[in-house]
2 protein chains.
Amino acid sequence: MSEVRWLNAEEQEIWRIYMTACNELSAHLDRQLRRDSGMPVAYYEILVCLSEAPGRSMRMSRLAELCRSSPSRLSHAVAALEKAGWVSRCLSETDRRGWVAQLTDAGFAALENAAPGHVTAVREHLFDVLSPGQLEALREISQAIFEGLDKAGRTPGPS
Amino acid sequence: MSEVRWLNAEEQEIWRIYMTACNELSAHLDRQLRRDSGMPVAYYEILVCLSEAPGRSMRMSRLAELCRSSPSRLSHAVAALEKAGWVSRCLSETDRRGWVAQLTDAGFAALENAAPGHVTAVREHLFDVLSPGQLEALREISQAIFEGLDKAGRTPGPS
DNA sequence: GGCAAGCTGTTGAGAGCTCAAACAATCAGT
DNA sequence: ACTGATTGTTTGAGCTCTCAACAGCTTGCC
């Protein structure tokens, strides 16, 4: 029940520029991918995960875990990808509750078509504007933030 | 027309952890604000901008600029905020094309109610997990990314 | 004055997300 | 086996965002 520790001007600026840069970068990449390949970044990441899996296929639950997606969100997304002909679904043979998503040939082709533009944009707007030291710092910073969230998530704390 | 410069394993890890940390932090704060105060972060930011403006009111176009929002998005958002009774709109007196959004007393009260929890969450998950040196680095990194995007936006370049 | 061009903001359709609810298959305990 | 809890996934409603199209006002120029 202690007093709120408000942000001073400097802290507000850091907070604001951090969120702005990340959001604008996400938005830029999403527009690029939609325009050039007709898919949002979230769908691209699903296809990438599938393409790297053995047999280009994976259980829905495992896929959701890798993509940091809720089961519901993944279910909707895979339904859309199925409609586009990029993914197919079939019942798991070992556990009849489960479904296995598989990348189709058309899906793999779409991914091969989309990847160069996407990777080029990431390199241009992230790796080309930061020094090696800054990249290492960014990794450590991001890990600290992520671990802080993760810990709080597992231990239902104050916020 | 040169070859694509793919990301190596280390670069992929940095890219991935950066996006994940920022997205998870955003999602965490959005859930907190929705749960405790019934508004998404995007709406909270609109209310903050208005609360700091003279007369707690501002032209829609200026507000969109400050919130880094498209005119359309802001228009939808303010319509929702008006429905909630937190914002009111009236025609500009100087330019009859324009509208002025104003924070209502109920909107100011909602903001006062929401701010402590939000700021506490930001402090807990950002400022409390990073050292002063990391915060300064994060500011510089974010500025570099943002300026890189901004420049590319004004000069229609490769991506 | 009159007209084209530009600015300001809204609207509607559609896409993707979240949340809560549902449902079927499995597991653990008796 | 039977029952209840748990797991894996889907579904539907509602919300917010994007994009493209539109409408009203203003400005500059003849």
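The chains referred to below are lettered A, B, ... by the order of the sequence lines, with proteins before strands, and numbering in each begins at 1.
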Anything under 3.5 Å between a protein N or O and an N or O of nucleotides 23-28 of chain C, put it in a table, one pair a line.
residue : atom : partner : partner atom : Å
C:dT26  : OP1  : A:Arg96 : N            : 3.1

Presence of [X] side-chain N/O under 4.0 Å of [N] phosphate oxygens OP1/OP2:
{"X": "A:Ser61", "N": "D:dT7", "result": "no"}
{"X": "B:Arg59", "N": "C:dG9", "result": "yes"}
{"X": "A:Tyr43", "N": "C:dA15", "result": "no"}

Gap between atoms [atom1] and [atom2], on [X] and [N] respectively (whole Å):
{"X": "A:Asp30", "N": "C:dC17", "atom1": "CG", "atom2": "P", "answer": "9 Å"}
{"X": "A:Arg35", "N": "D:dA20", "atom1": "CZ", "atom2": "P", "answer": "11 Å"}
{"X": "B:Arg68", "N": "D:dT16", "atom1": "CZ", "atom2": "P", "answer": "22 Å"}
{"X": "B:Lys83", "N": "D:dC15", "atom1": "NZ", "atom2": "C1'", "answer": "11 Å"}
{"X": "B:Ile46", "N": "C:dG9", "atom1": "CD1", "atom2": "P", "answer": "14 Å"}
{"X": "B:Trp99", "N": "D:dC25", "atom1": "CH2", "atom2": "P", "answer": "10 Å"}
{"X": "B:Leu81", "N": "D:dT16", "atom1": "CG", "atom2": "C1'", "answer": "12 Å"}
{"X": "A:His28", "N": "D:dT18", "atom1": "NE2", "atom2": "C1'", "answer": "17 Å"}

> Taking everything shown except A:Glu10 itself, do over 12 heavy atoms lie less than 6.0 Å from its CD?
Replying inline: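 Open: at most 12 neighbouring heavy atoms sit under 6.0 Å from CD of A:Glu10.
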
>> How about CG on A:Asp105, more than 12 heavy atoms from neighbouring residues, nucleotides or ligands closer than 6.0 Å, or not?
In response: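 Count not over threshold, so no.
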
Please check this pair: side chain of [X] against backbone of [Y], looking for a donor-acceptor N/O pair closer than 3.5 Å.
{"X": "B:Asp30", "Y": "B:Pro40", "result": "no"}
{"X": "A:Arg89", "Y": "A:Gln102", "result": "no"}
{"X": "A:Asn23", "Y": "A:Met19", "result": "yes"}
{"X": "A:Glu24", "Y": "A:Ala21", "result": "no"}

> Going from CZ on A:Arg56 to OG on A:Ser88, what distance comes out if it is rounded to the nearest 0.5 angstrom?
Replying inline: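 So the gap between those two atoms works out to 12.0 Å.
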
>> So if I take residues 15-24 of chain B and measure heavy-atom distances to DNA chain D, which residues fall below 4.0 Å?
In response: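 Heavy-atom cutoff 4.0 Å gives no residues at all.
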
> Any chance the side chains of B:Ser70 and B:Ser72 put a donor and an acceptor closer than 3.5 Å?
Replying inline: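 Short answer, no.
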
> Is there a donor-acceptor contact under 3.5 Å linking the side chains of B:Asn8 and B:Gln12?
Replying inline: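 Distance-only check fails for B:Asn8 and B:Gln12.
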
> From the list C:dT10, D:dT16, D:dT10, which nucleotide is the closest neighbour of the side chain of B:Ser75?
Replying inline: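 It is C:dT10.
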
>> Need one value for B:Arg62: base, sugar-phosphate or nothing, where a base atom within 4.0 Å counts as base even if backbone is also close, heavy atoms only.
In response: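 No contact at all - B:Arg62 keeps every heavy atom at 4.0 Å or more from the nucleic acid.
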
>> Categorize A:Ala42 for me: base, sugar-phosphate, or nothing, with a 4.0 angstrom heavy-atom threshold over every strand shown.
In response: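 Sugar-phosphate: the residue A:Ala42, judged by heavy atoms under 4.0 Å, touches backbone atoms but no base.
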
N/O to N/O distances under 3.5 Å, protein versus nucleotides 18-22 of chain C:
residue : atom : partner : partner atom : Å
C:dT18  : O4   : A:His76 : NE2          : 3.4
C:dC19  : N4   : A:Ser72 : OG           : 2.5

> Once the angle between the rings of B:His28 and B:His125 is folded into 0 to 90°, is it parallel (under 30°), tilted (30 to 60°) or perpendicular (over 60°)?
Replying inline: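 The rings of B:His28 and B:His125 stand perpendicular, inter-plane angle above 60°.
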
>> With side-chain contact (heavy atoms from CB on, under 4.5 Å) as the test, pick out the partner of B:Tyr44 among B:Leu47, B:Ile46, B:Val48.
In response: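 So the option named by the test is B:Val48.
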
> Any side-chain heavy atom of B:Met58 sitting closer than 4.5 Å to one from B:Leu50?
Replying inline: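 Contact flag for B:Met58/B:Leu50 side chains = yes.
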
